[in-house]
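First comes the structure, then the notes that go with it.
Naming: A, B, ... by sequence-line order, numbering from 1 per chain. Predicted model only: the values in this text are computed from it and were never measured.
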Protein chains: 2
Amino acid sequence: MKPKLTLKQIARELDVSVSTVSKALRDSPEISDDTRQKIQAFAKLYNYKPNNIALSLKNRRTKTIGLVLPEIVHDFFATVISGVEEVANKRGYNVLICLSNNSFDREVINLEMLANGSIDGFILSVAKETQQKGDYHHLEEVISQGMPVVMVDRVVNDIICDKVIIDDSDGARDAVQQLIDNGCRKIAIITTVDYISVGKLRTEGYLRALRNNDLEVEEDLILKIEDVENSHEEIAQFLSEREVDGIFAVNEQFATSAVKAIISQGRSVPDDVLVFSFSDGELSRRFIPTLSTVNQHGAEMGAKAADLLLDRIENDTTEEKFQTTIVKTSLIERESTQNRKMPAV
Amino acid sequence: MKPKLTLKQIARELDVSVSTVSKALRDSPEISDDTRQKIQAFAKLYNYKPNNIALSLKNRRTKTIGLVLPEIVHDFFATVISGVEEVANKRGYNVLICLSNNSFDREVINLEMLANGSIDGFILSVAKETQQKGDYHHLEEVISQGMPVVMVDRVVNDIICDKVIIDDSDGARDAVQQLIDNGCRKIAIITTVDYISVGKLRTEGYLRALRNNDLEVEEDLILKIEDVENSHEEIAQFLSEREVDGIFAVNEQFATSAVKAIISQGRSVPDDVLVFSFSDGELSRRFIPTLSTVNQHGAEMGAKAADLLLDRIENDTTEEKFQTTIVKTSLIERESTQNRKMPAV
DNA sequence: TTTCAACACGAAATCGATTTCGAGGGGTTT
DNA sequence: AAACCCCTCGAAATCGATTTCGTGTTGAAA
């Protein structure tokens, strides 16, 4: 690594002191026009850029924020990253991304790595395993150190900090309502186990929609998936044993598995069964049929989280109280709920 | 931000010097057992962790690598990130991710931001606009500064550095060969314009496969997409005017658009037309029919790139010559090429 | 008793930048 | 001519850690 140009070298070269160089480059009035121009010309010529690390040490802030996510090969989190990155860059910050791969241990390690001066604050979405364990000491620790933290999507209610979430429950309710409005009466839900906060909330929304319409809640129509990897067979099995006219799936994977299962039964989506999905990604947009879905506005969530975090970092508003921002979901209706046989109610 | 515990504070608290504390914590033999234990106990009690920034400044290395990508809402790049992240973390490094959004200017800005001490080296995949412009001065600059750089996937031949690519051309050739073996004789290709390096290479592979089998190359069957956003209509139009029995698409988006167009013509994939895609993602795995595709092994590419970069960083092997690693693609055959009518040759 | 080595620790330099404070020189005021 | 001020610049502290070198003490060897 070739050593980069430093203030000291410029000083030696031009036979002035380091402080003079620093001041000249920052247009301090202490420095005469003559000297200033000479130094600035030299710096420009050799393309001097101050060393970020030295600045970080001096200023006690790194102009970098950390983003800790459970996974990345997932359109939703990818869009969150885009949102965070855009806002952060616009405001002059870098983004340090760490993946927990849904592992508690990796999440702890990541927080520790970052919390030692590398960053000015965190944005994180909690790992699945962490939610399962319910162990949040690592979060409490960094927060008690005074590190600003914003949680996104998969949040922890017990931890007090800024949060950006979507109205999971309302979004689910609206989606199911849509199914009902389109004539469905026997609606199954394919969801996650309850310790996943968003899964639980979406299940609640499903239940609310049914009750709002005086439809009976049949426990038998609720499928809670524990093992996402092998969910496809489980879903196929589930649907083969039940006669439903509508399916609400809490993510794209479950939705596509459901469609596939229905089709392999010789039935059709949307002619025989309507399917509503959650989380809008490439998959929903390009599937055949295209999937109706609840749009989570991931980029917007990321952008909002970044703004919240940077506001807290820059204004040092430690005493200001924490807020939970809810980004509204919206329904995107596509082919999978365009029923041609059942008339809309 | 509450000030974190520093060596100086420990020193003051225990009434020893800063150097003694530092040495004690690093188990230096200069320090007596007594003092060492006292200091280590204190540090442990108050959970002392050295400040990363100070270490970076002192050591002249940040234990962080930069990863500059054109986009992220794209399974391939997401898997590359996973691979990089895993290796980097395993070897004790953080990953700073920047997105260029395929913009030349943003790429330049990102490089400049990172090149000032924030990181020890780069991994990057060149932005589309940069390839179009052919302006690589920003790359040359950071490299001439002695910053180690590894390029991934979308590489620039003119720049001399380590590279990790796939055998785009061979992968495409193999895919097209597979189509031919499955009985296709009129094979269209849906590809990108030539300034995208990988698009051009895949087109070459397509041509080679045709020639290898003494099939005539019909320019009319080659569709080069410039505007990816509105590619769907272009593809539908293209296919409606041509009678083909096989389609090779250089990415998942083009492939799904093609399938959709074929189906809306009242024909079937794979019964009437076989479709082979490139880049294996959720979409290919979950589409109906599931898509045969050329697997790019993104995680492997990312991992390899990270290993190359870290080796260069840690061994300071500036003089060692640069290598281009080719990660072999592999064909994944799924439903979209399981022809039931045309017998395999 | 003198000398010397081993031991345990501290002072200071260093990484690269910023910033406070002080000082020298030139000119102006009384 | 004495007093003063302003302009311009440099020395040094600082951020938090590491590391070299030096120093004082103790004990043992000569």
Side-chain angles (χ1 to χ4, degrees), chain A residues 1-40 42-43 46-64 113 115-120 145-146, chain B residues 1-40 42-43 46-64 113 115-120 145-146:
Chain A
M1 184 74 115
K2 196 187 301 178
K4 285 209 57 169
L5 189 58
T6 69
L7 286 190
K8 196 191 282 188
Q9 290 170 46
I10 300 182
R12 189 161 32 213
E13 211 66 38
L14 296 183
D15 207 34
V16 290
S17 78
V18 175
S19 18
T20 303
V21 178
S22 174
K23 289 172 194 162
L25 292 177
R26 322 193 92 239
D27 284 325
S28 157
E30 286 185 46
I31 305 300
S32 68
D33 281 354
D34 243 24
T35 321
R36 187 215 324 271
Q37 279 166 25
K38 184 178 63 177
I39 292 176
Q40 289 188 349
F42 187 93
Y46 291 100
N47 194 26
Y48 168 80
K49 294 274 165 49
N51 180 307
N52 281 333
I53 299 297
L55 286 180
S56 295
L57 182 58
K58 180 73 178 136
N59 300 332
R60 318 289 239 3
R61 41 215 224 74
T62 60
K63 287 259 172 188
T64 301
M113 274 179 82
N116 294 108
S118 301
I119 58 168
D120 297 338
Q145 275 175 24
Chain B
M1 184 74 118
K2 195 186 301 176
K4 285 208 59 170
L5 189 59
T6 67
L7 285 190
K8 197 192 283 188
Q9 291 170 44
I10 299 182
R12 188 162 32 216
E13 210 67 39
L14 297 182
D15 207 34
V16 290
S17 80
V18 176
S19 18
T20 303
V21 178
S22 174
K23 289 171 193 163
L25 292 178
R26 322 194 91 237
D27 284 325
S28 157
E30 286 185 47
I31 305 300
S32 68
D33 281 355
D34 244 23
T35 322
R36 187 215 323 272
Q37 280 167 24
K38 185 177 64 177
I39 292 176
Q40 288 189 350
F42 186 93
Y46 291 101
N47 194 28
Y48 168 80
K49 293 272 166 49
N51 181 307
N52 282 335
I53 299 297
L55 287 180
S56 294
L57 182 59
K58 181 74 179 136
N59 300 332
R60 320 288 234 19
R61 41 215 226 71
T62 60
K63 287 260 171 186
T64 301
M113 275 179 82
N116 293 107
S118 301
I119 58 169
D120 298 337
Q145 275 175 23

Quiz prompt | Qualifying residues under side chain to side chain contact (heavy atoms under 4.5 Å, CB included), relative to Ser56(A), sequence neighbours excluded | solution = Thr62(A), Ile53(B)

Quiz prompt | Test side chain to side chain contact (heavy atoms under 4.5 Å, CB included) applied to Lys58(B) - qualifying residues, sequence neighbours left out | solution = none

Practice problem: Only pairs at least two apart or in different chains count here, so list each salt bridge (Lys or Arg N to Asp or Glu O under 4.0 Å) that has a residue in residues 5-19 of chain A. | Solution: none

Quiz prompt | Stretch residues 47-59 of chain A: residues that reach within less than 4.0 Å of DNA chain D through a heavy atom | solution = Leu57(A), Lys58(A)

Self-check item: With Ser118(A), the side chain to side chain donor-acceptor pair (under 3.5 Å) member among Thr64(B), Asn51(B), Asn52(B)
Solution: Asn52(B)

Quiz item: Does anything in residues 5-17 of chain A reach DNA chain C, meaning a heavy atom under 4.0 Å, and if so which residues?
Solution: Thr6(A), Leu7(A), Lys8(A)

Exercise: identify the closest heavy-atom pair between [X] and [Y]:
{"X": "Asn116(A)", "Y": "Lys4(B)", "answer": "ND2-NZ, 2.9 Å"}
{"X": "Tyr46(B)", "Y": "Leu5(B)", "answer": "CB-CD2, 3.6 Å"}
{"X": "Ala11(B)", "Y": "Ser17(B)", "answer": "CB-C, 3.8 Å"}
{"X": "Pro50(B)", "Y": "Leu55(B)", "answer": "CB-CD1, 4.0 Å"}

Quiz prompt | Listed partners of Asn47(B) passing side-chain hydrogen bond (donor to acceptor under 3.5 Å, both in side chains), at least two apart | solution = Glu141(A), Lys49(B)

Quiz item: Taking only residues two or more places apart in sequence, or in another chain, which ones meet Ser22(A) in a side-chain hydrogen bond (donor to acceptor under 3.5 Å, both in side chains)?
Solution: none

Quiz item: Is the phosphate of dC9(C), meaning OP1 or OP2, less than 4.0 Å from a side-chain N or O of Ser32(B)?
Solution: yes

Quiz item: In Å and rounded to the nearest 0.5 Å, what is the OG1 to CG distance from Thr20(A) to Leu14(A)?
Solution: 10.5 Å

Practice problem: Measure the spacing between CD1 of Ile10(A) and CD1 of Ile39(A) and express it to the nearest 0.5 Å. | Solution: 8.0 Å

Quiz item: Among all residues two or more places apart in sequence or in another chain, which pass the salt bridge (charged side-chain N to carboxylate O under 4.0 Å, His left out) test with Arg36(B)?
Solution: Asp27(B), Asp33(B)

Practice problem: Using salt bridge (charged side-chain N to carboxylate O under 4.0 Å, His left out) as the criterion, list what pairs up with Glu30(B), not counting sequence neighbours. | Solution: Lys23(B)

Distances for protein N or O near nucleotides 20-23 of chain C N or O, under 3.5 Å:
{"from": "dT20(C)", "atom 1": "O4", "to": "Lys23(A)", "atom 2": "NZ", "distance (Å)": "3.2"}

Quiz item: So how far off straight is the helix from dT1(C)-dA30(D) to dT30(C)-dA1(D), going by the axes through five pairs at either end, to 10°?
Solution: 80°

Quiz item: So where does chain A start and stop touching DNA chain D, 5' to 3', when the test is distance under 4.0 Å to a non-hydrogen atom?
Solution: dT8(D) to dG16(D)

Quiz prompt | Whole-Å gap separating C1' (dA8(C)) and CG (Asp27(B)) | solution = 16 Å

